[in-house]
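Since the structure is predicted, the reported quantities are computational estimates derived from the model, not experimental observations.
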Amino acid sequence: MRQNPRVCALFVREASVIEQKLTTRYVSVLVRGTAREITDSAEKCRALRLLCAKFAPSAADHAESTIQSAAAHTAVWCVEIDSITGKANPAQA
């Protein structure tokens with residue numbers, strides 16, 4: 001990403017195969033943007049705290065000590081979004 005910061009990420013939710021109809025039920029979102037490495041230590045720690053609060057809220061005490069010890073050798077990237085598109089196939093079984 002340092003050489004080419006243009007990124008594309010696909011997120012899929014509710015994916016399931018409906019064999020009897022030979023189709024797949026899904027909801028998807030495609031994000032395109034530019035990745036920027038966060039090098040400011042305060043901004044990096046803030047981003048890591050937000051991630052921990054979202055995905056490990058019960059481990060807040062442990063998260064803070066881990067962030068302090070690991071931030072210096074952890075890469076954190078921000079994606080500045082240029083476009084978002086989505087599609088879905090809400091096929092019923």
Rounded to the nearest 0.5 Å, how far does CE of M1 lie from OG1 of T34?
11.5 Å
Suppose we screen for side chain to side chain contact (heavy atoms under 4.5 Å, CB included). Which residues come up paired with L10, at least two apart in sequence or across chains?
V12, S28, L30
To the nearest 0.5 angstrom, please state how far the CG atom of L48 sits from the CD atom of Q68.
9.5 Å
Applying side chain to side chain contact (heavy atoms under 4.5 Å, CB included) to A72 and not counting sequence neighbours gives none
Can you name the side chain to side chain contact (heavy atoms under 4.5 Å, CB included) partners of A75, sequence neighbours left out?
E37, W77
Approximate separation, where rounding is to 0.5 Å, of L50 CG and F55 CZ:
11.0 Å
Considering residues at least two apart in sequence or located in another chain, which fulfil the side chain to side chain contact (heavy atoms under 4.5 Å, CB included) criterion with A56?
A59
Under the salt bridge (Lys or Arg N to Asp or Glu O under 4.0 Å) rule, what pairs show up with a residue in residues 68-77, not counting sequence neighbours?
none
Got a second to check how far N89's CG is from K21's NZ, nearest 0.5 Å?
9.5 Å
Using the side chain to side chain donor-acceptor pair (under 3.5 Å) criterion, which residues pair with R25? Sequence neighbours excluded.
E14
Among all residues two or more places apart in sequence or in another chain, which pass the side chain to side chain donor-acceptor pair (under 3.5 Å) test with T24?
none
Does anything in residues 52-79 pair up under salt bridge (Lys or Arg N to Asp or Glu O under 4.0 Å), and if so which pairs, sequence neighbours excluded?
R49-E64
Donor-acceptor pairs under 3.5 angstrom involving side-chain atoms of residues 79-88: please list them, not counting sequence neighbours.
from: E80; atom 1: OE2; to: R36; atom 2: NE; distance (Å): 3.0
from: D82; atom 1: OD2; to: R6; atom 2: NH1; distance (Å): 2.6
from: D82; atom 1: OD2; to: R6; atom 2: NH2; distance (Å): 3.2

Same cluster for I67 and I38 if Ile/Leu/Val/Met/Phe/Trp/Tyr side chains link at under 4.5 Å?
yes
